[in-house]
Amino acid sequence: MSGVPQRTLLLWCPDWPVLAAEIVDGVPATDPVVVLHANRVIACSERARAEGIRRGLRRREAQGRCPHLTVVDHDPGRDVRAFEPVVAAVEEVVAGVEVIRPGACATAARGPSRYLGGEEAAAERIVEHVAQSCAVESQAGIADGVFAAGLAAREGRIVAPGGTREFLAARPVEALGRPALADLLRRLGVRTLGEFAALPAGDVLARFGFDGALAHRLAGGRDDRPLAVRQPPADLTVTADYDEPVDRVDAAAFAARMLAERLHERLAGYGLACTRLGIEAVTAHGQELHRVWRHDGLLTAAAIADRVRWQLDGWLSGSNGRGGTRPARPTAGIVRLRLVPDGVLAQAGLQPGLWGETGEERERAHRALSRVQGILGPEAVVTAVLGGGRSPADQVRLVPWGDERAPARPGPPPLPPVGAAPGAASAPVVVPAGGGAGRRAGRGRAVAEPPWPGRIPPPSPAVVLPTPLPADVRDAAGEPVVVSARLAVSAAPARLTVGDGRPAEITGWAGPWPVDERWWAPAEARRRARFQVSLADGAALLLAVEGGMWMVEAIYD
């Protein structure tokens, strides 16, 4: 937690849910309007407050006080979408803005005040710019910390440095925004933030818990954390202006390739790749053309150039307007071409070759696979991605070629077993048959916080069977090997029979690795233990036992 609160400038837009409804849905905010959530008023317009409506009223009571009331349902997504232009307008004046909630955002006051000539000048500049850019009325407040700056913004006030504690002392406990805590404090005789801040911190923590201790810090003018500012989005758009209008397809194709390479280089500089491309063109007569191309994979420079060329060909070779079925051709050549990456994904990049290049073979393979996807669909070419999981089948996810290769489950790759030599990851982790030694080899890894308890150690199997094969495991005396509920193996595995095949001698084994999944849902619960075994013929298998039944899950190479 931060010890010294940072001077914070907070911009607050009153009645934001009502303004968002006006911006997005066209509901007049000058009329009596209320926004309801769970049948209670969470925001109301100025006209509605003049009719006696307040936050917290039930719908029926609010309509009883104002029969001609306009009721709007709460939509958090609408509030966020409408507030994004306001945040973008603030970022045009200052850098490093944190969105507190829809309708309120904050930034460090030091930089804007030094650049714009003082804190008051900075606050006025931001409020004026938001009003001009977004036609939204707002108020700004400056104080030590986000919480105090939020209260100061409601009054349009600038609290002097070091005076935040005195500014908060006279505020009622309801200013904390915790109704249950405020009600309890009122019943205990604590009515202001100053009285609450005067209580010993240890007693507050013991009586009200962690949330109460956090509120106690806020009441004393101490924030719980510094500002978590967001980074303004990078401008990835590329534009080309032409002195001579482009009206031939061959000239348009050349322009498309040059612009596509610029866009691809800009995206690569940010570690991004394009999945949805917007193509915009302006003709010499002012006609604006726009089209969006989408691809389920990642668009390379050649793919971007092809789509831009196709689109320009379609525009410049359109119908002449005399009964043709194709769209009408522009009346003049193109003087401006703009490429907008509407959808981007993180791209890890290609591994350089020996002399720095990526290799033409890889580029040709990528074009070939992309062409197959274009003919048969994106799911026709898939690659495997390893992620978290306990069984080998859970750790593999198939993703279409070109899509982001992100694991479906969290979790770093497993650590090698204790005692494994470097380069020994290509053989199963087994030890000579001998019972307890095999169990220790599998369970003796020094992992502080294993991401998937019960996960088998590396290496991963070469073949994961889609349907496990039934098996029979017996000891040297010919008795079935049984694993108890306490993971005690009845005897060392000696022979393995898979299906109707011949028995094979087990020369080494490791395990068990227990897995107890979804124990809270009896209908879906499953409990099993896994073993790694090596056979006399050199084969290595991954076995699992569940409900006394043995099966082969995977095969090692």
Does atom [atom1] of [X] have more than 12 heavy-atom neighbours, drawn from other residues, nucleotides or ligands, at distances under 6.0 Å?
X: H37; atom1: NE2; answer: no
X: E137; atom1: CD; answer: no
X: R125; atom1: CZ; answer: no
X: E120; atom1: CD; answer: no
X: R336; atom1: CZ; answer: no

Open item on the list: Restricting to non-hydrogen atoms, name the atom on A20 and the atom on D79 that form the minimum distance, rounded to 0.1 Å.
Closed with: CB-OD1, 3.4 Å
TODO: Give the minimum heavy-atom separation between F196 and A219, together with the two atoms involved.
DONE: CD2-CB, 3.9 Å
Check for a donor-acceptor pair, side chain of [X] on one end and backbone N or O of [Y] on the other, with a separation under 3.5 Å.
X: W16; Y: A104; result: no
X: D31; Y: V33; result: no
X: Q139; Y: R154; result: yes
X: H216; Y: A197; result: yes
X: D144; Y: G162; result: yes
X: R171; Y: F167; result: yes
X: S133; Y: V130; result: no

Between [Y] and [X], is there a side-chain heavy-atom distance shorter than 4.5 Å?
X: T30; Y: R47; value: no
X: L267; Y: L236; value: yes
X: E119; Y: L9; value: no
X: E98; Y: T8; value: no
X: L176; Y: F147; value: yes

Listing, residues 52-60 side-chain donor-acceptor contacts under 3.5 Å, not counting sequence neighbours, or none:
| from | atom 1 | to | atom 2 | distance (Å) |
| --- | --- | --- | --- | --- |
| R54 | NH1 | R49 | O | 2.9 |
| R55 | NE | I42 | O | 3.1 |

Task: Passing candidate, side-chain contact (heavy atoms from CB on, under 4.5 Å) with L263, options I304, V340, T237 - done: I304
TODO: With rounding to the nearest 0.5 Å, note down the distance linking CZ in R338 to CD in E288.
DONE: 10.0 Å
TODO: State whether R65 and E61 are salt-bridged, where the test is any N-O pair (Lys NZ or Arg NE/NH1/NH2 against Asp/Glu carboxylate O) under 4.0 Å.
DONE: yes
